[in-house]
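First up is the structure itself, then whatever we jot down about it.
Letters A, B, ... are given to chains in the order of the sequence lines, protein chains preceding strands, and every chain is numbered from 1. Values below: all heavy atoms of this structure, side chains included; hydrogens, waters and symmetry mates excluded.
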Amino acid sequence: MTLARGLRSNYCGELGSGDIGAAVALCGWIDRIRDHGEHLSFIDLRDHTGIVQIVTPRRNDLRSEFVVRVTGTVANRPEGTINKTIATGEIEIHDGEIEILSSAATLPFSIDDRLDVEEITRLRYRFLDIRRDKMQRNLRNRALVNSAIRRSLEAQGFTEVETPMLWTPTPEGAREFLVPSRLQPGNFYVLPQSPQIAKQLLMVGGFDRYYQIARCMRDEDLRADRQFEFTQLDLEASFVTQEDIFAFIGGAIAEIVEVTRNVQINEIPRMTWFDAMDKYGVDKPDLRFESPLIDVTEILSPLGVRAFSAPTIKALLAPVRESFTRSRLDALIDRAKALGAKGLAYFKVVEEEDRLAFESPLAKFLEEAPTLSLIERLGAEAGDTIFVVADEWKVATTVLGQIRLELGKELVSHDQLAFTWIVDFPLFDGLDESGKPISAHHPFTMPHADDFEFLESDPLRVRSQSYDLVLNGWELGSGSIRIHRPDIQSKIFQIIGVTDEEAQSRFGFLLDAFKFGAPPHGGFAFGIDRIAAIMSGEDNIREVIAFPKTQSGLDPMTDAPKPVDAATLKNVGLTLAPKK
RNA sequence: GGACCUGUGGUGCAGCUUGGAGUGCACGCCGGCCUGUCAAGCCGGAGGCCGCGGGUUCAAAUCCCGUCAGGUCCGCCA
């Protein structure tokens with residue numbers, strides 16, 4: 001098969017000294033014109049592969065960003081004019097015929113990665129913003145992620161199946177986008193927040209190993225790592241254990257990292273949810289740096305100091321040895337309070353005579369023995385600072401964990417990739433007002449085999465067969481082994497207080513399906529926007545989405561969302577309530 | 001729903017603390033010069049609802065209140 005070349009013979013960026021003398025036809029945008037007078041001017045022609053220099057007499061009819069087709073001859077640059085900073089810097093195009101395919105008004109900003117433009121302006125003119133190298137690279141990287149996923153999963157026996165975008169409301173979980181029905185006025189579809197139930201039905205349907213690069217929609221507030229609509233690799237497999245899921249996903253991740261970063265990764269390590277919380281104060285720890293939270297309850301609790309009268313006392317050796325100023329410490333204390341702690345204690349480790357001591361408002365409460373054992377426990381040296389939070393376990397760990405992240409920011413780089421599986425999540429996440437346990441994941445998650453006996457006696461102790469994949473402190477995705485037996489499912493519904501009638505009206509079709517021979521199955525889904533962002537070194541998924549929304553859900557380019565006229569509303573059986 | 005930061009020619013900033021003429025810088029744009037530049041250079045020029053509304057004041061880009069928009073975060077995201 002020959003590659004169709006269209007109006008061009010070559011791409012700009014692929015020409016080199018091997019093409020000297022070749023007659024070429026190039027298409028692209030005028031990046032820049034350097035006019036040296038009537039007899040000489042240089043035109044940089046740009047396409048997505050790079051830039052090539054055209055040498056021509058002055059052309060007053062050309063401007064930046066005009067779209068042109070250039071025919072000419074590839075020639076060596078004269079001695080001393082080679083530009084080593086660009087790939088095509090050894091050659092240039094001579095005797096060019098320049099045909100204007102399209103003129104261009106002056107752009108609102110230049111197509112140049114070196115210049116910063118406010119994001120709102122970039123989004124208003126996104127079609128120009130994505131001409132920039134960085135955006136070209138990011139979106140093409142993202143395409144590599146998608147193809148890596150397809151290659152890896154198909155090699156592992158998965159079949160891609162598409163599921164409906166118009167789905168049925170399930171009044172739980174994330175808020176759904178509503179779609180009014182024209183043929184059934186007054187009734188609504190929703191856009192899927194995930195293909196969760198559909199893929200479980202595919203398992204009942206015998207597909208065995210399903211995957212999909214699926215668009216999901218959630219009508220929740222937006223963040224750096226969250227858009228209304230996002231894309232996930234969604235997969236589900238039958239007759240598998242958690243180990244198999246790890247292998248499937250591990251394979252896809254390895255392929256993604258290979259094609260986007262050109263590095264091989266080792267097997268992804270695992271950590272239990274409890275250890276993650278206890279050591280890092282968060283269920284998505286950033287393991288690019290260590291600095292664990294250390295339990296010092298035994299050391300500080302016996303002192304009878306009021307500030308340390310709490311069930312759990314956690315300490316953190318500041319990840320960076322720096323001299324914290326009074327105002328910096330105050331800011332950290334305010335931050336800890338804002339996060340829900342009663343306070344944040346700090347101890348500067350100083351050399352005093354021939355031994356180490358603390359410099360701290362609380363130092364006077366610590367004799368030499370506890371001081372030294374604290375220093376030893378943390379492995380601190382002179383110049384270090386130790387932070388301490390005393391509170392309930394959950395508060396102490398999460399607050400100090402957040403402080404850890406903020407202090408560690410300067411240590412981490414986009415070049416590092418620290419993956420980890422988080423396993424053994426609790427099945428329930430606390431109790432609701434009526435004392436019923438709340439499902440931590442979704443109510444179809446299989447309890448841990450060892451914990452069935454506690455389902456009724458001590459539900460909060462029950463672990464689930466669910467797991468998250470974490471990369472550099474971002475939750476990439478999560479999954480679980482599902483409940484496939486109606487008796488276990490009924491029991492879970494009973495425990496969380498969902499009546500048979502409710503269950504039937506919400507998920508009746510799924511429960512029905514499970515009556516007809518459901519294989520044991522489980523799956524996973526991870527966010528492609530997120531992994532693409534991290535692989536491209538971005539900390540914001542909008543940088544890997546062609547046309548994203550702003551934080552308030554607007555599209556500055558199209559001005560969506562917009563009002564529609566009364567007739568359009570009437571068509572779908574809607575009238576607008578008066579504005580308040 | 002809440003917290004914090006931001007909004008000044010087309011673009012990016014400074015000016016705001018301590019009110020005094022739209023003052024300044026860089027890029028871009030327009031015109032001119034220039035035969036080896038490459039983010040070309042030099043000379044000249046145009047371009048402003050200081051987000052919007054209100055208040056204080058003799059006087060507001062600057063102080064106060066409100067509002068809109070952008071960002072980060074909390075809540076929310078089974």
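The base of B:C77 does not come close enough to the side chain of A:R218 for any donor and acceptor atom to sit less than 3.5 Å apart. Remark: the A:D35 side chain and the B:C34 base include a donor-acceptor N/O pair separated by less than 3.5 Å. Taking 3.5 Å as the limit, the base of B:U37 and the side chain of A:R77 contain a donor-acceptor pair of atoms between them. Donor-acceptor pairing under 3.5 Å, judged by distance alone, is absent between the side chain of A:N540 and the base of B:G71. Within 3.5 Å, a donor on the side chain of A:Q53 pairs with an acceptor on the base of B:U37, or the reverse.
Listed nucleotides: B:C38, B:C33, B:A39. Nearest to the side chain of A:R58: B:C33. With distances taken from any side-chain atom of A:T106 to the nucleotides B:A39, B:C29, B:U11, the minimum falls on B:C29. For A:R63, taking side-chain heavy atoms from C-beta onward, the closest of the listed nucleotides B:G75, B:C30, B:G12 is B:C30. Out of B:G36, B:G12, B:C76, the shortest distance to the side chain of A:T121 is found at B:G12.
Between A:D424 and A:R463 there is a salt bridge, since at least one side-chain N of the basic residue sits less than 4.0 Å from a carboxylate O of the acidic one.
For A:R32, a side-chain nitrogen or oxygen approaches OP1 or OP2 of B:A40 to under 4.0 Å. Contact annotation: A:S552 side-chain N/O to B:A69 OP1/OP2 distance is not under 4.0 Å. Side-chain N/O atoms of A:R542 include none lying less than 4.0 angstrom from OP1 or OP2 on B:G70.
Contacts of A:A440 with the nucleic acid, taken as non-hydrogen atoms under 4.0 Å apart, involve only primed sugar atoms and P, OP1 or OP2. Using a 4.0 Å heavy-atom distance criterion, A:Q196 is classed as a base contact. Within 4.0 Å of A:Q402, counting heavy atoms only, lies no atom of the nucleic acid at all. At a threshold of 4.0 angstrom between heavy atoms, the contacts of A:P108 are confined to the sugar-phosphate backbone, with no base atom among them.
Nucleotides B:C63 and B:A26 place their C1' atoms 30 Å apart, quoted to the nearest Å. Rounded to the nearest Å, the gap between the C1' atom of B:G28 and that of B:A46 is 13 Å.
Both tests do not hold together for A:R131 against A:Y125: distance to the six-membered ring centre under 6.0 Å, angle to the ring axis within 45°.
Note: CZ (A:F177) to C1' (B:C76) measures 13 Å, nearest angstrom. Here B:U6 presents its P atom at 18 Å from CD1 of A:I120, a figure rounded to the nearest Å.
Summary of the strand contacts: A:Q551 and A:F444 both lie near RNA chain B, and taking for each the nucleotide with the nearest heavy atom, the more 5' one is attributed to A:Q551.
Exactly one residue among A:R132, A:E538, A:E543 makes a side chain to side chain donor-acceptor pair (under 3.5 Å) with A:N138. That residue is A:E538.
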